[in-house]
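Counting starts at 1 for both ligands and their atoms, following the listed order.
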Amino acid sequence: MSNKDEKPILVTSPFLPPLEELMPYLEKIWESRWLTNNGQFHKEFEQQLTDFLDVKYLSLFTNGTLALITALQEMRITGEVITTPFSFVATTHSLWWNNIKPVFVDIEPDHYNLDVEKIEAAITPRTTAILPVHIFGNPCNVYRMQEIADTHGLKVIYDAAHAFGVRVNKNSILNFGDLSILSFHATKVFNTFEGGAIICHDEKTKKRIDYLKNFGFAGETTVVGPGINSKMNEFQAALGLVQLKHIDQSIKKRREISQFYREGLKNIDGIFFLNDIQNVKHNYSYFPVLVDEEKYGITRDELYEKLKENKIYGRRYFYPLISSFSTYKSLSSAKKTNLPIANQIAEQVLCLPIYPDLDNSRIIELIIR
Ligand SMILES: Cc1ncc(COP(=O)(O)O)c(C=O)c1O
């Protein structure tokens, strides 16, 4: 088949369940006319997800960004927060929306997460928290992170938007830190079109998060604080209930595709990929590779363009770095000299397409040639 007849392959294609599985739920919504505000499906989905993810308390949100913003409100985080420049912009934007100064710390070269050993040098009397990201679903060094946080009296809020279902030593990654947030955006391993959650470890905190996501209402006539509207609606929750029935199979298929990539790319000079980590249950949400121009012969951008010409649309996640965007670039921690590894990875990284029904053989062939 000539190149022009090939169907485009995007970096991801959202998993959707068979429509007939969703229809009975929609009929119930139409019958009850209960569309949002803690309806039946919201309650059921919240409980099923809490069990599935093996966490104590979880509060559903309409998206991950509002979950992040609300998580920072819940913990009353102020002043400065240490975070990574190698993420999606929403991570740092959530600080900005709370009038908090982001302080960027470099990432480590093995899995591109915040380098825990560089955190202490960035702590000042104004630092109140750390906002790390389990980037591409690979866990941060959660044990060392907690040690540093405990030593300095800091909160840890994990942006776990990529880490649905990930486990470390059999424990959910979401059980670490003070709070974690998830995203169920269309591009994520698990989607409710848009959606998100905050995971916390005690009932009191969940109660407050639930107030905050509903304008601060703590009863019909009591408002306990300047909450926001970030509730998940019944349609999203119904879809979530159906999606949960398919998630194990989706992750299994993603694992097979990752293994196929690894097998196909293992002997190519100048193309590096991440391997599974011992004692970690991965979700295979992304397949990032690094392109070493000297060894591979062409740059990351040239490979990106070559794939594009063949209708394969990888994404250069996360390039440019958040620290280089106009809102943040004047911060002293945003300087390139402060973030050498992040700058290097951002120049070399390319996320190859991955989704449950992908046939990635043509992508591998194009990279080999
Ligand atoms: C690391 C990270 N944090 C936060 C978000 C924001 O989540 P949402 O799109 O659900 O608002 C995303 C992606 O969308 C993300 O990749």
* Structure fact -> Nearest non-hydrogen protein atom to atom 16 (O) of ligand 1, with distance, is His162 NE2, 2.8 Å
* To do: List every atom of ligand 1 that sits less than 4.0 Å from any heavy atom of Ser87, numbering the atoms from 1 in the order shown and giving each element.
  => 1 (C)
* Using modelled atom types only, decide if a donor and an acceptor are shared between the side chain of Gln243 and the backbone of Phe15 within a distance under 3.5 Å. => yes
* Asked: Between Phe41 and Tyr25, is the ring centre distance below 6.0 Å?
  -> yes
* With a 4.0 Å cut-off on heavy atoms, does Glu194 reach ligand 1? -> no
* Structure fact -> For Gly195, the atoms of ligand 1 under 4.0 Å from one of its heavy atoms are 10 (O)
* Asked: For atom 11 (O) of ligand 1, what's the nearest protein heavy atom and its distance?
  -> Thr65 OG1, 2.5 Å
* To do: Heavy-atom contacts with Asp159 under 4.0 Å: which atoms of ligand 1 show up? List them by number with element.
  => 1 (C), 2 (C), 3 (N), 4 (C)
* What atoms of ligand 1 come within less than 4.0 Å of a heavy atom belonging to Ala90? -> 4 (C), 5 (C), 6 (C)
* Distance under 6.0 Å and angle within 45° of ring axis: Arg316 vs Tyr304 -> yes
* Asked: Is the Phe235-Phe193 ring centre distance short of 6.0 angstrom?
  -> yes
* Do the non-hydrogen side-chain atoms of Thr128 and Arg76 ever get within less than 4.5 Å of each other? -> no
* **atom 13 (C) of ligand 1: nearest protein contact (heavy atom, Å)** => Lys188 NZ, 2.9 Å
* Asked: Got an N/O contact under 3.5 Å between Ile135 and ligand 1?
  -> no
* Structure fact -> For atom 12 (C) of ligand 1, the closest protein heavy atom turns out to be Phe88 CD2, 3.5 Å
* Asked: Side chains of Lys43 and Asn38: does their closest heavy-atom pair fall under 4.5 Å?
  -> yes
* Would you please test Tyr143 and Asn169 for side-chain hydrogen bond (donor to acceptor under 3.5 Å, both in side chains) and show each step? => CA-CA 12 Å; Tyr143 302 105; Asn169 297 324; 3.1 Å; yes
